[in-house]
Amino acid sequence: MTIEGQILEAAASMDSFSVAELQERLGTALHLERPRLNWYLARMAEDGKIVRVARGTYAVSSGRKLFRPEPGQKAAGLYRRFHEEFPQMGICVYEGPWLFRFMHHLSSNQVTYIEVEKDIAETVFHRLQDEGETVFLRPDADLIYKYVNMDAGAVFVKSLTSESPLQTAGETKVPTLEKLLVDMYCDPDFFYLQGAEYHRIMHNARSQYVINQSRLLRYARRRNVAGAIQTIYENCAYDID
């Protein structure tokens with residue numbers, strides 16, 4: 001077997017892997033010094049055999065894609081505006097239709113989400129409210145049932161959890177897939193995605209996209225749901241009928 005073949009065989013059982021984890025998995029069967037292994041991984045990434053998930057972290061592609069959504073004009077505009085006003089504060093945006101690709105039972109959702117550090121959440125909410133925007137601050141299931149038309153283009157202002165995993169789309173900060181998966185499990189405004197539907201969501205996400213398991217569980221620990229997320233990830237991702 002070629003060196004690349006041995007690398008792929010060792011990596012196949014791991015959804016994502018660091019160079020150190022790959023070296024440990026390869027063991028003495030294929031001893032490559034770190035620089036040489038890095039060279040092979042870079043070449044394999046260029047050839048599309050593996051994908052780079054994060055710095056120093058890779059995954060076997062197996063037809064799965066990286067989650068790289070592009071924000072629309074409204075979301076990007078909200079980010080740009082408040083990032084310019086509060087440049088030292090954490091902010092990210094995303095859009096309801098991004099969730100459709102994971103859902104089994106489609107629910108209408110044209111909401112634009114902006115997550116900001118809790119110290120400025122009310123300020124952002126009141127600014128948008130004063131401008132006539134249909135905006136809700138940290139809505140829960142009861143409020144959504146009573147007052148929110150999810151198909152009318154409302155804005156939800158939510159608190160950004162510290163150390164949330166984010167990525168950049170152009171000049172706009174957006175969530176990583178791992179953040180969205182944990183938030184869909186936790187957040188009260190995502191009540192309609194929880195329960196049995198969430199198992200489908202995890203299955204669809206894992207089968208279509210590369211997931212950085214370490215990042216997923218690290219953020220899940222921040223939200224105090226690591227055990228539940230790990231159980232669903234390990235046991236329910238590939239066994240949906």
Is it true that a side-chain atom of D187 and a backbone atom of D189 form a donor plus acceptor pair closer than 3.5 Å?
no
What is the distance from atom OG1 of T176 to atom CG of N212, rounded to the nearest 0.5 Å?
8.5 Å
Sequence neighbours excluded - salt bridge (Lys or Arg N to Asp or Glu O under 4.0 Å) pairs with any residue from residues 117-128:
E85-R127
Between K179 and E115, is the closest basic N to carboxylate O distance under 4.0 Å?
yes
Residues which pass side-chain hydrogen bond (donor to acceptor under 3.5 Å, both in side chains) with K74, listed by chain and number, not counting sequence neighbours:
E133
For Q110 versus P97, what's the shortest heavy-atom pair and its separation?
OE1-CG, 3.6 Å
R223/D183 ion pair, N-O < 4.0 Å
yes
Evaluate whether atom CD of E9 has more than 12 neighbouring non-hydrogen atoms of other residues, nucleotides or ligands under 6.0 angstrom away.
no
Are R25 and F17 in a cation-pi contact, defined as NZ or CZ under 6.0 Å from the six-membered ring centre and within 45° of the axis?
no
Any chance you could measure F102, atom CZ, to S207, atom OG, to the nearest 0.5 Å?
10.0 Å
Heavy atoms of I91 and L166 approach each other most closely as O-CD1, 4.2 Å
Under the criterion side-chain hydrogen bond (donor to acceptor under 3.5 Å, both in side chains), I'd like the reasoning laid out for R80 against T172: C-alpha separation, chi angles, the key distance, then a yes or no.
CA-CA 7 Å; R80 182 169 56 252; T172 304; 5.9 Å; no
Indicate yes or no: does K49 engage E4 in a salt bridge with an N to O separation below 4.0 Å.
yes
Electrostatic pair R218-E178, nearest N-O below 4.0 angstrom
no
